There are 2 protein chains.
Amino acid sequence: MAVTLAEVAAHAGVSPATVSRVLNGGYPVAGGTRTRVEQAIESLGYIANGPARALAAATSDLVGVLVHDVADSFFGILAGSLQRALAPSGPGAARKLAVVCNTEGAPETELAYLALLEGQRAGGIVLTGGAVEEPEHTSALTARIARTAASGAPVVLCGRPPLPLPAHLPVATVMFDDHGGAFRLAQHLLALGHRRIASIAGPPGLSTTRERLDGHRTALRQHGHGVADSCAALTVHAGFERAAGYDATRELLRRGAPFTAVAAANDTVATGVVAALRDAGIRIPEDVSVAGFDDLPFCGDTAPALTTVRVPLREAGTLAAHLVTGRRPLPPGGITTLPTELMVRGSTAPPPDERSSP
Amino acid sequence: MAVTLAEVAAHAGVSPATVSRVLNGGYPVAGGTRTRVEQAIESLGYIANGPARALAAATSDLVGVLVHDVADSFFGILAGSLQRALAPSGPGAARKLAVVCNTEGAPETELAYLALLEGQRAGGIVLTGGAVEEPEHTSALTARIARTAASGAPVVLCGRPPLPLPAHLPVATVMFDDHGGAFRLAQHLLALGHRRIASIAGPPGLSTTRERLDGHRTALRQHGHGVADSCAALTVHAGFERAAGYDATRELLRRGAPFTAVAAANDTVATGVVAALRDAGIRIPEDVSVAGFDDLPFCGDTAPALTTVRVPLREAGTLAAHLVTGRRPLPPGGITTLPTELMVRGSTAPPPDERSSP
DNA sequence: ATGAAAGCGCTAACAC
DNA sequence: GTGTTAGCGCTTTCAT
């Protein structure tokens, strides 16, 4: 058996309660006593039993991190910085453990993992990535989160819109300015002279899809001159994988409606778009411009380098970690919106017409 | 308070033990009783208390997954497939939770997390990625793992060499044929006509670095004609990030020793190599060929597409999950070596000399 | 500032 | 097949 707290207590000549106190801090313990206990812990190689502690305290050091898929760099980067920020360096820092759950973006899986984490008495939960905006799921999710938060475990929504919850619950929201980013990206394309701009949007019903598409269309509408009219014909919904971008682009080409630029749901999809266009003999950006979203690390190394919108994933992960551990107080109103930034690279250029007739 | 097992028992008119039995299976319970219990669980919305269960059973549903960095696609993909395989679909499947820990490749961090996971009574542990081959650390690690495994929690070493442990302990090793992959990659370069092949190797002291470099050099040596002689001058050790590849390449250029091909430690490093060469006015693959390792998803989309060695990350993750949960018995000898595959793409071509003088 | 004692919710012998 | 009964190792009032 492993060394127990009681053995440490015996070894140090104090009561279990005292050992518990020096372990958990926040309680007055005489200097000498503390030292003796610490030495006992050290010499016995004591490691606290997490489950026992969690059972007694009704909360654990586990932090649930729900992502659509860690293999996707978007989530990998987010989860990575989150995990890192959860483990503050320095001696005796109360190390939180990140329990990473792939929801695949499926509502039922999301709920199932939340139940599982509740069962583990997770000390906090971070839900990342776009939310499925279906009334039934939203209310089920809201109810479940309300329970978790009411039990004292902070919940952070990261990269998704806030939920209608009582203000007193420990729930915070960290959003990305997807709308603004998409808006500025569309403006960039319009400024280059593009008028027929296609969208390979994300899955319908997802908050991220809605926000990016809204920002995009708002810019087109604002530009006027009927630029927004062809939206329906030039929009294809697809998944977030490269293959989805490839297939959606083929579908777009099949439709036959002309376009000179494509705004993809994200960078990964954009690589699929580029591949499909190229396979169709279309040059980028000479014939058609392509833009991504997120600014994943590979964006600068693709051919051509991808124009995109930077989403501050690392910052978001760190912030989410601080909020969920209570190291940073909940922001007033509970919502923080992180800025996005347009990154112009080689995959966008003026449309063919503009070049031939300057 | 949450609903407890005792309440479920009362509601169903049975004893707590019976409820526990239907919950955990593997024990005979009369059909009718089982049904009543299941209904009680359902109607009360019972969720088992993980910590309590872990305390009593001395093992939890937590599986520790140590990675260098989840934000790195290599580990993201590995961790993703592992996590997915840990959560078998189907009703009532005993869902294991993946606790992802970023070790940054640092020995102390690795040990610290192992201690933390031991404290959590993790039901299994998977250590992924290259191992730091320093005698002191290896023995500390071996001791720690021996303890964990002795307590009944399976340990899987994934992508790193086996450790000298008693055969009766539940420890399995899943390796990649890095040596063979690097060997074949070097052969490919030699076959193209390259004779001065540089290596941007990984950090010294890491098993992955050693194996890939060994494979590479074995091929050069085997080729003869003094091809292996320039190894020292043409080898630079660096980290696994893109920036490391960039800097190492500049260092290589600074040295002045001529080379016509570069084998990078991995794909990410290779992108940095490509960027540095390009910034120096060197064309790829016309002037210099570049190859990566791992075959991460972006390899086909870079300019030019990257020749590399495919490492079966998804397969490894799934296998590791099966081994650590006991769903797959430990292989005889405890070691499984997964094959790697040479992926020839556009970044490698014959060296300049060969073209001008055919 | 420290100790004593009562659980936290579950599993696992052991009876019946 | 099902019930009884001890703990598992820790936290946390409540005393002192």
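Naming: A, B, ... by sequence-line order, numbering from 1 per chain. Just so it is clear, the model here is predicted, and its values are computed rather than measured.
For B:R147, the side chain to side chain donor-acceptor pair (under 3.5 Å) test picks out B:E118, with sequence neighbours left out. Among residues two or more places apart in sequence or in another chain, the salt bridge (charged side-chain N to carboxylate O under 4.0 Å, His left out) test is passed with B:E133 by B:R210.
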Acceptor/donor pairs from residues 65-72 of chain B side chains to any protein atom, 3.5 angstrom cut, sequence neighbours excluded:
residue	atom	partner	partner atom	Å
B:H68	NE2	B:G130	O	3.0
B:D69	OD1	A:R84	NH2	2.9
B:D69	OD1	B:A71	N	3.0
B:D72	OD1	B:F74	N	3.0

Taking only distance into account, with no hydrogens and no angle test, what donor-acceptor pairs under 3.5 Å do side-chain atoms of residues 9-19 of chain B form with protein atoms, sequence neighbours excluded?
residue	atom	partner	partner atom	Å
B:S15	OG	B:A17	N	3.4
B:S15	OG	B:T18	N	3.4
B:S15	OG	B:T18	OG1	3.3

Indicate for each nucleotide in nucleotides 8-16 of chain D, in 5' to 3' sequence, whether protein heavy atoms under 4.0 Å reach the base (B), only the sugar-phosphate (S), or nothing (-). BBBSBB---

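For residues 121-142 of chain B, the set of pairs meeting the ring-ring contact (aromatic ring centres under 6.0 Å, His included) definition, not counting sequence neighbours, is empty.
Here A:T33 does not reach the OP1 or OP2 of C:dA1: none of its side-chain N or O atoms lies under 4.0 Å away.
B:L44 places its CG atom 15 Å from the P atom of C:dG9, with the value rounded to the nearest Å.
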